[in-house]
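Take a look at the structure set out below.
Quick note: numbers below take in every heavy atom, side chains included, and nothing from hydrogens, waters or symmetry partners. Whatever order the structure lists them in is the order used to number ligands and atoms, beginning at 1.
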Amino acid sequence: MSDFPEFIKFLYEEYRHLNSGSLASYIPELTKADPNWFAISIVTKEGEIFEIGDHLQNFTIQSISKVFVYGMALEDCDRETLLEKIGVEPTGDPFNSVIRLDENSKRPDNPMVNAGAIATAGLIKGSNATEKLNRMLDMFRRYIGHDVFIDAPVFMSERATGHRNRALANLLLNFDIIENNIEEILDFYFQQCALVVNCHDLAVMAATLANRGINPIAKKQAVKPCYVRDILSVMYTCGMYNYAGEWAYRVGIPAKSGVSGGIIGVIPDRAGIAVFSPLIDSRGNSVRGIKVFEALSDQFNLHLFDSPLPKCSFLDISKNSEELISKPLKVTFDKSKSL
Ligand code: DON
């Protein structure tokens with residue numbers, strides 16, 4: 001961990017001039033972002049902070065909110081009830097796709113794509129829209145550790161242009177996944193996406209998930225620990241949309257992106273990482289964000305399936321490791337117990 005400051009400085013310098021990708025324009029307000037904004041933040045479960053760049057620059061959380069609202073729905077409904085309404089299968093489709101919902105399942109594939117996130121929003125408990133919104137803001141407050149607010153122009157901009165999301169909500173109503181209060185549910189969804197955060201906040205939120213749901217700075221429980229496993233599982237398989245498979249292969253960290261350019265990653269029991277750079281690729285993932293996560297994962301062996309053995313071929317492994325590999329297995333196969 002002592003190498004983090006030097007390495008993130010190196011990554012910041014390495015990628016700050018990478019200008020491929022473009023600003024999200026389908027929500028008009030998001031085009032006001034500065035394409036040069038760039039920040040990397042790491043918060044460990046002990047509360048250590050390493051960050052560089054525009055880590056205090058505010059932006060809207062967008063799809064990264066889906067992770068945390070899903071956690072709220074798990075607490076409100078429990079795992080099995082939620083699974084009846086929203087699956088946990090990756091789609092391989094764009095985040096805002098309508099097709100699969102109609103053609104295949106009649107139930108959203110997972111809570112990270114828009115269909116599943118809108119269905120999740122419809123399951124949040126509260127006697128009216130204000131109570132639901134206040135519960136959502138309280139939840140984010142626990143993760144972030146300070147007061148939170150919603151960017152009204154971004155909310156209004158998405159509300160005015162979110163025709164695809166409105167189409168998804170109508171299909172969800174048709175399949176009895178949500179109730180007949182579509183505009184209220186969509187408002188909740190647009191509000192969660194318009195929550196204002198900065199890169200530092202996102203790293204604290206990710207670190208909270210790394211720390212069994214306890215915010216490592218404020219030392220407060222943000223989500224019940226029993227649901228952290230569920231949240232991280234859908235992040236791992238579905239968090240990067242139609243890049244989720246390649247992300248799992250190359251980076252191997254449960255993660256979630258948003259179209260405003262944030263990506264969070266959770267290293268269970270160790271740290272939360274956030275990168276912010278608003279230039280995104282065609283799948284809605286930050287271009288510099290992907291590069292930074294790939295490099296961090298590689299440099300610090302953060303891939304979930306990295307073995308503790310040194311990264312090298314079988315031919316040049318150290319003597320120690322060679323001994324380890326050639327040790328006979330301690331368990332023996334008992335034929336009588338097999339089929
Ligand atoms: O529903 C939408 O289109 C946006 N509010 C959120 C999309 C998003 O962030 C997708 N992420 N990459």
Side-chain angles (χ1 to χ4, degrees), residues 21-33 59-70 86 90-101 108-122 136 140 150-172 178 182-183 185-197 199 202 205 234-235 237-244 246-247 251 254-265 274-290 293:
S22 50
L23 295 173
S25 57
Y26 75 99
I27 303 173
E29 274 293 305
L30 296 187
T31 57
K32 295 185 177 165
F59 57 95
T60 54
I61 189 169
Q62 295 300 332
S63 280
I64 299 175
S65 64
K66 294 168 180 171
V67 167
F68 303 95
V69 176
Y70 184 60
I86 307 159
T91 63
D93 291 335
F95 62 85
N96 54 4
S97 174
V98 178
I99 292 169
R100 274 181 69 86
L101 183 59
D109 291 282
N110 69 68
M112 301 292 111
V113 289
N114 287 10
I118 295 167
T120 308
M136 185 236 287
F140 279 121
I150 283 165
D151 185 321
V154 173
F155 164 64
M156 294 302 286
S157 182
E158 188 166 1
R159 186 197 223 189
T161 55
H163 312 306
R164 249 176 190 280
N165 286 329
R166 213 156 261 117
L168 284 168
N170 277 288
L171 277 176
L172 291 167
I178 60 173
I182 287 187
E183 288 307 318
I185 293 171
L186 283 171
D187 272 358
F188 183 96
Y189 172 70
F190 297 145
Q191 282 159 345
Q192 72 175 69
C193 290
L195 185 94
V196 175
V197 290
C199 193
L202 287 181
M205 296 165 88
V234 287
M235 283 174 76
T237 52
C238 315
M240 301 298 283
Y241 308 117
N242 36 345
Y243 189 64
E246 197 167 331
W247 176 274
V251 181
K256 184 75 200 82
S257 62
V259 283
S260 49
I263 302 183
I264 61 166
V275 181
F276 168 55
S277 164
L279 293 173
I280 57 171
D281 62 18
S282 58
R283 290 138 157 170
N285 300 324
S286 166
V287 175
R288 292 182 197 161
I290 289 178
F293 267 96

Taking N or O atoms only and a 3.5 Å limit, does [X] qualify as a polar contact for ligand 1?
| X | value |
| --- | --- |
| Asn165 | yes |
| Ile27 | no |
| Tyr241 | yes |
| Arg283 | no |
| Tyr189 | yes |

Is any side-chain heavy atom of [Y] closer than 4.5 Å to one of [X]?
| X | Y | result |
| --- | --- | --- |
| Leu168 | Tyr189 | no |
| Phe140 | Val69 | yes |
| Lys66 | Thr120 | no |

Handout entry: Ring geometry between Phe59 and Phe276 (parallel below 30°, tilted from 30 to 60°, perpendicular above 60°)
Key =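 The arrangement is parallel - the two ring planes meet at less than 30°.
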Look at [atom] and say which protein heavy atom is nearest, naming residue and atom and giving the distance to 0.1 Å.
| atom | result |
| --- | --- |
| atom 8 (C) of ligand 1 | Ser63 OG, 2.4 Å |
| atom 2 (C) of ligand 1 | Glu158 OE2, 3.1 Å |
| atom 3 (O) of ligand 1 | Tyr26 OH, 2.5 Å |

Spell out, as yes or no, whether a donor-acceptor pair under 3.5 Å connects the side chain of [X] to the backbone of [Y].
| X | Y | answer |
| --- | --- | --- |
| Arg166 | Arg159 | yes |
| Arg164 | Asn96 | yes |
| Ser260 | Thr60 | yes |

Can you list the ligand 1 atoms lying under 4.0 Å from a non-hydrogen atom of [X]?
| X | value |
| --- | --- |
| Cys193 | 5 (N) |
| Asn114 | 1 (O), 2 (C), 3 (O) |
| Phe95 | 3 (O), 7 (C), 10 (C) |
| Gly284 | 12 (N) |
| Gly258 | 9 (O), 11 (N), 12 (N) |

Problem - Contact partition for Ile280 relative to ligand 1, non-hydrogen atoms under 4.0 Å - result: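 It is neither; nothing of Ile280 touches ligand 1.
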Practice task
Please state which part of Val259 comes within less than 4.0 Å of ligand 1, counting heavy atoms only: side chain, backbone, both or neither.
Solution key: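 Near ligand 1, Val259 shows its backbone as well as its side chain.
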Practice task
Check whether the side chains of Ser157 and Glu29 place a donor and an acceptor atom closer than 3.5 Å, and report yes or no.
Solution key: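 The criterion, which ignores hydrogens and geometry beyond distance, is not satisfied for Glu29 and Ser157.
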Handout entry: Polar contact flag, side-chain donor to acceptor under 3.5 angstrom, Tyr243-Ser257
Key =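 Their side chains do not contain a donor-acceptor pair, so the 3.5 Å distance test is not met.
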Exercise for the section: Measure the CD1-CD1 distance between Ile64 and Ile263 for me, rounded to the nearest 0.5 Å. Expected result: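 Between Ile64 CD1 and Ile263 CD1, I get 7.5 Å after rounding to 0.5 Å.
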